[in-house]
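First comes the structure, then the notes that go with it.
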2 protein chains.
Amino acid sequence: MGSKGDNNRQRIVDAADQLFHTRGYNQTSFRDISEITGIPRGNFYYYFKTKDDILGAVIDSRTKFYSEMLAQCETAASQPLERLLAFANMLEDFSDSIVEVGCPIGSLTSELAKDEPHLQKKSREIFELLRDWIEKNLSTAGVSDSQNAAMDMLARMQGVSVMACAFKDKSYLHRGLEEVRSWLKKLILN
Amino acid sequence: MGSKGDNNRQRIVDAADQLFHTRGYNQTSFRDISEITGIPRGNFYYYFKTKDDILGAVIDSRTKFYSEMLAQCETAASQPLERLLAFANMLEDFSDSIVEVGCPIGSLTSELAKDEPHLQKKSREIFELLRDWIEKNLSTAGVSDSQNAAMDMLARMQGVSVMACAFKDKSYLHRGLEEVRSWLKKLILN
DNA sequence: GTCTATACCTTGATAGAC
DNA sequence: GTCTATCAAGGTATAGAC
């Protein structure tokens with residue numbers, strides 16, 4: 001705590017987070033992380049036992065990030081609909097990188113599904129965090145079957161992310177997210 | 001044409017197709033393909049110049065596969081709505097592998113977005129094939145803005161695939177596809 | 001056309017000096 | 001805590017015999 005090593009550890013996690021997003025987990029090497037951080041490859045093993053452990057720390061970091069994002073949505077608005085809309089709006093800030101390399105959560109979970117079932121389970125927890133928060137707000141807003149509706153909202157956002165990335169089409173991403181918002185309003189306001 | 005080598009070439013493509021789907025392109029090695037086909041690693045270079053070339057052939061093969069699937073949908077039904085529903089129904093046949101490793105088109109396109117922009121463009125052509133076919137049928141059915149509606153249909157299917165794979169939830173996949181079908185009916189029958 | 005052997009590189013991971 | 005040197009394994013790709 002507060003020791004010098006914590007800085008290096010955090011710098012490794014931050015660089016890995018970025019690289020896992022833009023290049024993917026399997027396509028990111030220790031050399032890549034070393035070049036960005038300036039920390040020699042061998043040193044990584046002082047902070048982490050394996051590459052999987054780095055990914056675990058990255059997922060923890062992302063969980064914290066989205067957790068704070070949801071907290072921000074709750075501060076920004078007091079009503080469930082407004083909070084859900086605030087969440088959808090925040091995603092627009094990342095539209096450039098979504099079009100370029102996909103959704104950080106969705107693309108990671110999809111990649112891990114193919115060869116890292118244990119870590120896929122861990123990355124799924126970010127989805128569960130979002131799903132439960134959405135469900136809570138939908139439920140408060142009086143939406144029946146809020147569990148399924150929460151999954152549907154995430155699915156819609158994932159769908160537009162995948163297609164926007166596939167077609168490199170930023171305007172489609174915006175149109176798709178706009179449809180999610182209008183779907184939300186219709187769902188809650190009847 | 002008809003020479004012995006064509007058999008080996010096709011066997012390589014078929015094995016690679018399967019492996020790229022279940023393990024991903026980058027995580028599939030020549031050794032893996034060699035073990036399945038029994039063809040020595042070195043021989044691959046008689047049929048293909050690089051690994052990328054194998055992927056190119058796999059994408060061509062998948063394009064042909066989906067092209068034939070769409071033709072089947074046209075044979076199975078004469079009305080646009082029925083044809084679109086037939087298409088959605090056919091995807092249910094692959095629900096097990098979608099839950100396990102994701103949609104073959106979506107997950108490949110997402111993977112390639114991160115480190116193979118040239119091949120991502122090629123894999124996108126499968127999406128374009130589907131989109132244009134869906135658009136044609138929606139248009140014939142009298143749907144206004146059929147272009148956007150076709151993208152929306154693909155996006156919805158991709159979304160439920162990503163979430164069903166993330167949560168390993170086959171029943172969610174079925175529910176999601178059922179919603180796509182009812183959305184289609186509402187869209188066309190007003 | 002088919003096969004073996006192998007070159008050459010990068011990978012994740014380890015050992016041990018400082 | 002930090003660093004360098006290095007390992008063993010596995011990757012794509014090549015050379016050349018048959």
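Lettering follows sequence order; numbering is per chain, from 1.
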| task | Rounded to the nearest 0.5 Å, what's the gap from CZ on B/Arg9 to OH on B/Tyr46? Could you check? | result |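 Here the interatomic distance stands at 11.5 Å.
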| query | Once you round to the nearest 0.5 Å, how far does CG of A/Leu85 lie from CD1 of A/Ile188? | reply | 7.5 Å
| Under 6.0 Å from the NZ atom of A/Lys121, do we count more than 12 heavy atoms belonging to anything else shown? | no
Heavy atoms under 4.0 Å, any strand shown: does [X] hit a base, just sugar-phosphate, or nothing?
X	value
A/Arg31	base
A/Thr28	sugar-phosphate
A/Phe30	sugar-phosphate

Could you state the [atom1]-[atom2] distance from [X] to [N], rounded to the nearest angstrom?
X	N	atom1	atom2	result
B/Tyr47	D/dA13	OH	P	17 Å
B/Arg41	D/dG16	CZ	C1'	17 Å
A/Phe44	C/dT11	CZ	P	12 Å
B/Ile39	C/dT2	CD1	P	8 Å
A/Ile12	C/dG12	CD1	C1'	14 Å
B/Gln27	D/dA9	CD	P	19 Å
A/Leu55	C/dT11	CG	C1'	17 Å
B/Asn26	C/dT10	CG	C1'	14 Å

Any side-chain N or O of [X] under 4.0 Å from OP1/OP2 of [N]?
X	N	answer
B/Ser29	D/dG11	yes
A/Asn43	D/dT2	no
B/Tyr46	C/dG1	yes
B/Asn8	C/dT2	yes
A/Tyr45	C/dA13	yes

| Do the two ring centres, one from A/Tyr45 and one from A/Phe30, sit under 6.0 Å apart? |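 They qualify: ring centres under 6.0 Å apart.
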| query | Start at the 5' end of DNA chain C and walk down; is the nucleotide closest to A/Asp32 or to B/Gly38 reached first? | reply | B/Gly38
| task | For the pair B/Phe167 and A/Phe127, name the ring-plane relationship: parallel under 30°, tilted 30 to 60°, perpendicular over 60°. | result |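 Rings of B/Phe167 and A/Phe127: tilted, as their planes differ by 30° to 60°.
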| query | Which nucleotide sits closest to the side chain of B/Thr50: D/dA13, C/dA13, D/dC3? | reply | D/dA13
